[in-house]
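This is the structure I want to talk about, given as structure tokens.
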Number of protein chains: 2
Amino acid sequence: MNNRTDTLLKLDLQVCFALYSTNLAMAKVYRKLLRELDLTYPQYLVMMVMWEEGADDNAPLSVSRIGERLFLDSATLTPLLKRLESAGLIARRRAADDERRVEVRLTGQGRALRERAEAIPEAAACASQCEPEELAALKAQLDDLRQKLS
Amino acid sequence: MNNRTDTLLKLDLQVCFALYSTNLAMAKVYRKLLRELDLTYPQYLVMMVMWEEGADDNAPLSVSRIGERLFLDSATLTPLLKRLESAGLIARRRAADDERRVEVRLTGQGRALRERAEAIPEAAACASQCEPEELAALKAQLDDLRQKLS
DNA sequence: CGATATTAAATAGCGCGCTATTTAATGGCA
DNA sequence: TGCCATTAAATAGCGCGCTATTTAATATCG
């Protein structure tokens, strides 16, 4: 094994661990911020998709559509969506035209939560103490890596 | 809210999600690679620390020392270490000089696993399809962000 | 010495995220 | 039409990772 390969291997390990532990650190920050909205980070992501796609009565989202956006499947989403439903933020109902699908809609309460949630990104950006350029570069590299990994 | 701030906020969200989803993608790759060692990724990290610190009979590690290295606490590590113990890879024992501490040591089997584990980083690097320079840059940015977050 | 504070690890309980499987509905094709 | 494959979501069960709490041992200080 030459030096270049050796360096690569060690480095790779460090990158994986850096990804793992930075993600945990980020989750910790968001947990604190999202506490006052009574949301977990994955629940917040689902709500972001709902808000972004305007999932009202006229344009409900299926479970798999949400899963496409977040790279998650029904085994993860079904229980999470049930929790959001019992919190009164969304409504779940089998589609009339295809009863295999479950349509997910925002409730009035779910739509209303958006305003309070708009304070979150600013607080998170503040916690990161990073310049926009740095965040942009990091995002680009992460997206590239994710794409290559899958 | 001006354009710069607006961009920052959106970007920040994207970075958090990129971190979250890339971490999941990475975990997926490692799950497949570690399957043949019967280890999960967090278990693999613990074993890496054990190997790296040469945690044999003369230099056992405490639970909190492992936690320092991995940014994890006893609530996460205790059950994980119990699983590694029942897999025969490590031994756990209360320290004689301070019975609050638990000393963790590699077993012969645990030491032996290292050889097979050495194939993992190369396979992971291959799966990432990234150049060393790219991985190095990514690691540096992740480490910087983690440090700023905590 | 004895009461109290501190420390290390363990425990209880919750919410992901996963694999593998199941249930139920729809589509396709002879 | 009837059979079979496919699809969407749900379920079961496991291993983190967390907060909050508990247990037990050690340290500190009057």
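Naming convention: chains lettered A, B, ... in sequence-line order (proteins, then strands); numbering from 1 in each chain.
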Using atom types as modelled and distance alone, determine if a side-chain donor or acceptor of Ser64(A) lies under 3.5 Å from a backbone N or O of Gly67(A).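 Checked: no pair found.
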The test is side chain to side chain contact (heavy atoms under 4.5 Å, CB included); show your working for Glu134(A) and Leu138(A) and say whether it passes. CA-CA 6 Å; Glu134(A) 186 170 359; Leu138(A) 181 53; 5.7 Å; no
Give the residues of residues 23-30 of chain A touching DNA chain D, defined as any heavy atom closer than 4.0 Å, sorted by residue number.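 Those residues are Leu24(A), Lys28(A).
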Closest approach of Val104(A) to Ala55(A) (non-hydrogen atoms, all atoms of both residues): O-CB, 4.1 Å
When the distance from CZ of Arg31(B) to C1' of dC14(D) is rounded to whole Å, what number comes out? 11 Å
Nucleic acid contacts of residues 66-93 of chain A, taken as heavy-atom distances under 4.0 Å to DNA chain D: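 Heavy-atom contacts with DNA chain D come from Ser74(A), Ala75(A), Thr78(A), Lys82(A), Arg92(A).
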Donor-acceptor contacts, no H, no angles, side chain residues 33-50 of chain B, under 3.5 Å, sequence neighbours left out:
| from | atom 1 | to | atom 2 | distance (Å) |
| --- | --- | --- | --- | --- |
| Thr40(B) | OG1 | Gln43(B) | N | 3.2 |
| Tyr41(B) | OH | Phe17(A) | N | 3.4 |
| Gln43(B) | OE1 | Thr40(B) | N | 3.1 |

Between Ser64(A) and dT7(D), does any side-chain N or O lie under 4.0 Å from OP1 or OP2? no
Quick one: is dG17(D) close enough that its OP1 or OP2 comes under 4.0 Å of any side-chain N or O from Tyr20(A)?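 Yes, Tyr20(A) has a side-chain N/O under 4.0 Å of OP1/OP2 on dG17(D).
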Residues pairing under side-chain hydrogen bond (donor to acceptor under 3.5 Å, both in side chains) where one sits in residues 70-80 of chain B, two or more places apart or in two chains, turn out to be none
Could you work out, with side chain to side chain contact (heavy atoms under 4.5 Å, CB included) as the rule, every residue matching Ser150(B), not counting sequence neighbours? none
If we ignore hydrogens and angles and just use 3.5 Å, is the side chain of Ser62(A) paired with the main-chain N or O of Glu103(A) as donor and acceptor? no
With a 3.5 Å distance limit and no angle check, can you tell me whether Trp51(B) reaches the backbone of Leu113(B) through a side-chain donor-acceptor pair?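 Here the side-chain-to-backbone pair does not exist.
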Does Ala95(B) or Ser62(A) map to a spot on DNA chain D nearer the 5' end, using the closest nucleotide for each? Ser62(A)
Heavy atoms within less than 4.0 Å of DNA chain C: which residues of residues 143-150 of chain A have one? Give them sorted by number. none
By side chain to side chain contact (heavy atoms under 4.5 Å, CB included), Arg94(B) pairs with (sequence neighbours left out) Val102(B)
Atom NZ of Lys32(B) and atom C1' of dC18(C) are separated, to the nearest Å, by 15 Å
Distance-minimising heavy-atom pair for Ala125(A) and Ser128(A): O-OG, 2.9 Å
Nucleic acid contacts of residues 96-106 of chain A, taken as heavy-atom distances under 4.0 Å to DNA chain D: Arg100(A), Arg101(A), Val102(A)
Give the residues of residues 33-55 of chain A touching DNA chain D, defined as any heavy atom closer than 4.0 Å, sorted by residue number.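 Result for residues 33-55 of chain A: Arg35(A), sorted by number.
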Roughly how far, to the nearest 0.5 Å, is the SG atom of Cys130(A) from the CD atom of Gln141(B)?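 The CD atom of Gln141(B) sits 8.5 Å away from the SG atom of Cys130(A).
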Output every pair passing side-chain hydrogen bond (donor to acceptor under 3.5 Å, both in side chains) with a member in residues 15-26 of chain B, not counting sequence neighbours, ordered by first then second residue.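 side-chain hydrogen bond (donor to acceptor under 3.5 Å, both in side chains) check on residues 15-26 of chain B returns Arg146(A)-Ser21(B).
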Excluding sequence neighbours, so at least two apart, what forms salt bridge (charged side-chain N to carboxylate O under 4.0 Å, His left out) with Arg92(A)?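 Applying salt bridge (charged side-chain N to carboxylate O under 4.0 Å, His left out) to Arg92(A) gives Glu85(A).
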Summary of salt bridge (Lys or Arg N to Asp or Glu O under 4.0 Å) pairs that have at least one residue in residues 47-67 of chain A, sequence neighbours excluded: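 Listed by first then second residue: Glu52(A)-Arg69(A), Glu53(A)-Arg65(A), Glu53(A)-Arg69(A), Asp57(A)-Arg105(A), Arg65(A)-Glu68(A).
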